[in-house]
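These notes are about the structure you will find just below.
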Amino acid sequence: MTQAQLLAQLQQIKAVTGAQIAYYQTDGHLKISTDEQPQISPEKLTAFLSDGDSCRYDSGLWFFRLENRDQILGILTMTSCAENMDVIGRLAAGQFALALSGGRDGLDRSSFFSGLLRGELAGRDIIATATRLHLDPAQPRLVYAIETEFPYDQNVQQTIRSMYPESGHNYLISLSETKLALLIPAPSQNSEDLLDVAETLVDMLSMEALCNARVSHSTVVEDIRKLPQAMQEASAALEIGKIFYSDRKVNAYSSLGIGRLIYQLPKPLCQIYLQEVFGGDLPEIFDEETLNLVEKFFENNLNTSETARKLYIHRNTLIYRLDKIQKETGLDLRTFDDALMVKVALLVRAYLHYQK
Amino acid sequence: MASLSLKGIYKRYPNGFEAVKNFNLEIADQEFIIFVGPSGCGKSTTLRMVAGLEEISEGTLEIDGKVMNDVEPKDRDIAMVFQNYALYPHMTVYDNMAFGLKLRKVPKDEIDKAVRNAAKILDLEKLLDRKPKALSGGQRQRVAMGRAIVRSPKVFLMDEPLSNLDAKLRVQMRTEISKLHDRLKATIIYVTHDQTEAMTLGTRIVVMKDGVVQQVDTPQTLYDNPINLFVAGFIGSPQMNFIDVTVVKNGNGVDLKVGPYTLKAPADKAKVLLEKGYDGKTVVMGIRPENISDDPEVVAASGATIEAKVNVYELLGAEVFLYFDLENNPCTARVDPHTASKMGDTVKFALDMKMTHFFDKETELSITY
């Protein structure tokens, strides 16, 4: 929708309500107004959005949040002392938000990305639409998939939006009542930096929204047409992480290791493999303590001294336990072949357990 | 503030993995309790169960005598400070600290009072109008603490809050947290994998391994009387030396054989070793690095000496660590910085046998605890 069309919308609302009206963008900058407006600092406006209120009266001015389909579009301010101004203003804000969303060939940026990540824009000319929306199709971006343990509330969205304000680059999209997707420009190409973002999201949601969440991220894509694929990667990382790395709250699609491979295997093949390695289910010797020891041994590249140090046990104790495993199962985990076989078998077992 | 009671707490995941097993602990009001242990030992999971972020599979959690198992996190009156925090980039320090209260729709005047009070405690009063990018690392960390303080919770839960800081700042913030505990008179549960942090901050420490509480005690008692090989190895840096020795009865006393050396066990420990039937058996003898000396005068006066080649000499300024092997048991001695011993030297060491600990080789429990 053009600037003139938007102004016409505001003039119509003014004619009905008698109020002076202004439309501010999400970053707090004035976009369009019916008359000269009082000076409002962008901080005050963004603070209003951060607070999560849908309307507020402050120093003779009404503030209304412009929102459509969970996407914040900006703020509408109105100067009027009319009775029921909160109700009138909300109706006006709703109508204006619809007009805003309905512009640009029926798609605004938020709706565009929302549709793109959900795979709903497959048939459209994505590049042409992106160009029309003044989006750089080649900007490096990535998707974070966020899953909360219970249906998320407004606090969850508010926390994420405050960390990544929707200023034209960051988009938070609701996928289901427990799943959200956060699309942001890649902060770097460094995998540790990308994982840091995920870890911070998890901890911030715990601290601020008191919510337990798992977060995974896609690879960085430099072609906007690949964003649906990035969304799939982030979702897959979430799922695979739950099966194979249940102790981790964050997962990167690029480092799912052998788990991603096993995830593709048919169930009968997995059962045959377990039969081959363990002769059926996991032998009794693999109690939790032993499983932890074995995992640590693998993590430390089959190095007994290093593993003993990490487990704070004597090296001889570790050797004694490895000997015991060998005696009972015939598998010597100090040899590469046996270690590999057991490592894969434990992952296959976790996969079958999850499928049950 | 509040007291907590954790009774028979278990955490089981859908795949059957038990992350925490039979966790029992009484935490007194205003206590600063530390959960410490290696990664994956269940300390963070326990903290998250207290917070309500993880469901308790079995057992009871009480805060001030009220069962909290099914109470929502927001209704538990707790505040958390975790390792990976972020300050909201477009908000001032004031708004960053007020954010959590705004989410909870706390009235503005109450928010203002809480923020200014927290800012005073944390010495952030002059920085309230600044944006995060204008703050130093320490100031940012204090703002993160401030977010928790403004809530005036019954219990503070901190999960490795200093892990992302550099070594210098970590030491500085450790002191700040200690002072904060004194000022707030708060009940704090603090998770760390760093035993130095645990020893310096906690009034009591809970040492965990594989989801099981190993020992709960004051820092000094844990250091002096570890209950098992794990606690002995985990608490203290460099860690306690462990040497396999064979117990041999000699009259009323006990000789400890290690390779060509015969060491005399102290009378009280010899008595216990014999009473518990360890004559002729191999046990693990533990001795801390500071109880091994290369001082010629000490060596000359000692009845328990060994000889070993120094593999590594490490000067730390106020002390020197000498690394050597004793019959395939890697050992460390913490000695005077002016020692004459150098790398490659064959050195006589005296062991202070009064300070030794003995552990069962199979059960790994302390024999003399």
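Note that these values count all heavy atoms, side chains included, but never hydrogens, waters or copies made by symmetry. So that the names make sense, note that chain A is the first sequence line, chain B the second, and so on, each numbered from 1.
Counting heavy-atom pairs closer than 4.5 Å to chain B, the top-ranked of the candidates A:M204, A:Q154, A:M163 is A:M204. Among the candidates B:R147, B:K105, B:E55, the residue making the largest number of heavy-atom pairs closer than 4.5 Å to chain A is B:R147. Taking chain A as the reference chain and counting heavy-atom pairs below 4.5 Å, the highest number among B:K21, B:R76, B:H90 is found for B:H90.
Only the side chain of B:N329 comes within contact range of chain A, with at least one heavy atom under 4.5 Å from a heavy atom of that chain. In this structure, chain B has no heavy atom under 4.5 Å from any part of A:S305. Interface remark: A:N155 contributes backbone and side-chain atoms alike to the contact with chain B (heavy atom separation under 4.5 Å). Both the backbone and the side chain of B:A86 come within contact range of chain A, judged by heavy atoms closer than 4.5 Å. The contact between A:E149 and chain B is made entirely by side chain atoms (from C-beta outward), counting heavy-atom distances below 4.5 Å.
Two residues are said to be in side-chain contact when any heavy atoms from C-beta on lie closer than 4.5 Å; B:M80 and A:D203 fail this criterion. By the 4.5 Å heavy-atom criterion applied to side chains, B:F230 and A:L311 are not counted as neighbours.
Contacts of residues 316-324 of chain A with chain B at a heavy-atom distance below 4.5 Å involve A:N316, A:T317, A:Y320, A:R321, listed in sequence order.
A salt bridge between B:K102 and A:D53 is absent, with no side-chain N of the basic residue lying under 4.0 Å from a carboxylate O of the acidic one. Note on B:K209 versus A:E289: salt bridge recorded, some NZ/NE/NH1/NH2 to OD/OE distance being below 4.0 Å.
Atom OG1 of A:T290 is separated from atom CG of B:D210 by 9.5 Å, given to the nearest 0.5 angstrom. Atom CE of B:M91 sits about 12.0 Å away from atom CD of A:E43, to the nearest 0.5 Å. Here the CD atom belonging to B:E54 is positioned 9.0 Å from the OG atom belonging to A:S206, to the nearest 0.5 angstrom. Here the OG atom belonging to B:S44 is positioned 10.0 Å from the NZ atom belonging to A:K249, to the nearest 0.5 angstrom. The distance from atom CD of B:E72 to atom SG of A:C211, rounded to the nearest 0.5 Å, is 10.5 Å. With rounding to the nearest 0.5 angstrom, the CZ atom of B:F99 is 12.0 Å from the CE atom of A:M207.
Atom CG of B:N328 sits in a sparse spot, with 12 or fewer heavy atoms from other residues, nucleotides or ligands closer than 6.0 Å.
Taking all atoms of both residues into account, the shortest heavy-atom contact from B:P89 to A:S162 is CD-O, 3.8 Å.
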List the atom pairs, with distances to 0.1 Å, where a side-chain N or O of residues 191-202 of chain A and a protein N or O form a donor-acceptor pair under 3.5 Å, not counting sequence neighbours.
{"residue": "A:D193", "atom": "OD2", "partner": "A:S188", "partner atom": "OG", "Å": "2.8"}
{"residue": "A:T200", "atom": "OG1", "partner": "A:D196", "partner atom": "O", "Å": "2.7"}

